[in-house]
Amino acid sequence: MAKRPLIIDCDPGADDAVALLLTLAPGQEFDLLGITTVAGNVPLAHTYANARRVCALARAEVPVLAGCPRPLVHSLTTAEAIHGPTGLAGAELPEPSQPPLDCHGVDFLINQCSQAGQPITLATLGPLTNLAVALIKCPPIATQIAQVVVMGGSLGPGNITPAAEFNFYVDPHAARVVVEAGLPLTLIGLDVTHQVLTTPERLARFAALGNRVGQTVARWLAHYGQGEGDRYGLPGAPLHDPCVIAYLLQPDLFSGRPMYLAVETDSRLSRGRTIATPYLTPEYPATAQVMEEVDAEGVYELLWERLARFGEGVRG
Ligand code: RIB
Ligand code: CA
């Protein structure tokens, strides 16, 4: 069966990096066309370098492109307190093994969607600036997007403000452009990712995988987890971005409902707030599939099974 073409847009960031490794594990169902990076958890120079180093760790020859260095309107908000000063604190990574590519991440998204022999699946793990700019610059690409699965938003409280989840808060205007573009959109927000908790027992399973990837992931999540779980009174840090890849690999691990979805862009207190309702009317039609429940243990079993495929050196 032909592999599904996939592009990942991300801001690594520890959880983004784990999501990339889940995608890059040997024997994947996807044809990963490329990884576009955006400013978010840390500035673009770091997210771009981190994505290239994760590919070197996985010994994966995948194009990595630098995208937008700041949100559409607001100045950049970053999260070094959670991810460390460079975005991947806790473990050493190899130097990038591929030369930098002289193509902007936005143009890569446009070119791939325009040239695609078949519609492309997009997984977005950071602020939506790159995808929003691509849709603004070349609206017809919307017809070449088979599915976009977005880590972002929250039906409940936010994580960077009481009102908003980080990716939607950093660039609410970009989130609004994407949500209003009429794309086949699936949203995986904090309501789901706060059920996927890296407890000490689960962390130990990564370290026990017996390969460098498992050790590296355990070190990233040990650092990243410090404080995140405590902050919410949870037994472990929520693992956000790998949920997007887990959904693409095993959608049955998740359940949700069609909802009307919008993003607040004009309020000071509610900047980036997710506005959603499953109670649909002609005025408020379904604009996204919003996930609400997840088999968290199933996500971790998938992660451990896939990351174990990397051989002792790295790849299997
Ligand atoms: O709110 C969590 C999201 O913001 C995750 O994608 C994390 O990596 C940050 O980008
Ligand atoms: Ca992210």
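All ligand and atom numbering here is 1-based and tracks the order in the structure.
If you check which protein heavy atom lies closest to atom 2 (C) of ligand 1, you get E165 OE2, 3.4 Å. Atom 10 (O) of ligand 1 has its closest protein heavy atom at N167 OD1, 2.8 Å. Counting protein heavy atoms only, atom 9 (C) of ligand 1 is closest to N41 OD1, 3.2 Å. For atom 7 (C) of ligand 1, the nearest non-hydrogen atom of the protein is D15 OD2, 3.3 Å.
For ligand 1 and L125, the ligand atoms under 4.0 Å from any heavy atom of the residue are 6 (O), 10 (O). Per-residue contacts place M151 under 4.0 angstrom from the following atoms of ligand 1 (heavy atoms of the residue considered): 2 (C), 3 (C), 5 (C), 6 (O). Listed by number with element, the atoms of ligand 1 under 4.0 angstrom from any heavy atom of F166 are 1 (O), 4 (O), 9 (C), 10 (O). Atoms of ligand 1 found under 4.0 Å from any heavy atom of H240, numbered from 1 in the order shown, are 2 (C), 5 (C).
Atom OD1 is the N/O/S atom of D11 found closest to the Ca ion (ligand 2). Here the N, O or S atom of D241 that is nearest to the Ca ion (ligand 2) is OD2.
Ion pairing between a basic and an acidic side chain is recognised when a charged N comes within 4.0 Å of a carboxylate O; R4 and E29 show no such pairing. Remark: D107 engages K137 in a salt bridge, criterion side-chain N to carboxylate O under 4.0 Å. A salt bridge does not link R273 with E165: every distance from a Lys NZ or Arg NE/NH1/NH2 to an Asp or Glu carboxylate oxygen is 4.0 Å or more. R53 has a carboxylate O that lies under 4.0 Å from a charged side-chain N of E95, or vice versa, which qualifies the two as a salt bridge.
Among all heavy-atom pairs drawn from L234 and P238, the shortest one is CD1-CG, 4.2 Å.
For N130 (side chain) and A66 (main-chain N/O), no donor-acceptor pair under 3.5 Å exists by modelled atom type.
Taking backbone and side-chain atoms together, L125 has an N/O/S atom less than 3.0 Å away from the Ca ion (ligand 2).
Remark: ligand 1 and D16 share an N or O pair separated by less than 3.5 Å (distance only, no angle test).
None of D241, I245, L303 except one satisfies the side chain to side chain contact (heavy atoms under 4.5 Å, CB included) rule with V18; the exception is L303.
Here H83 and H46 keep their ring centres 6.0 angstrom or further from each other.
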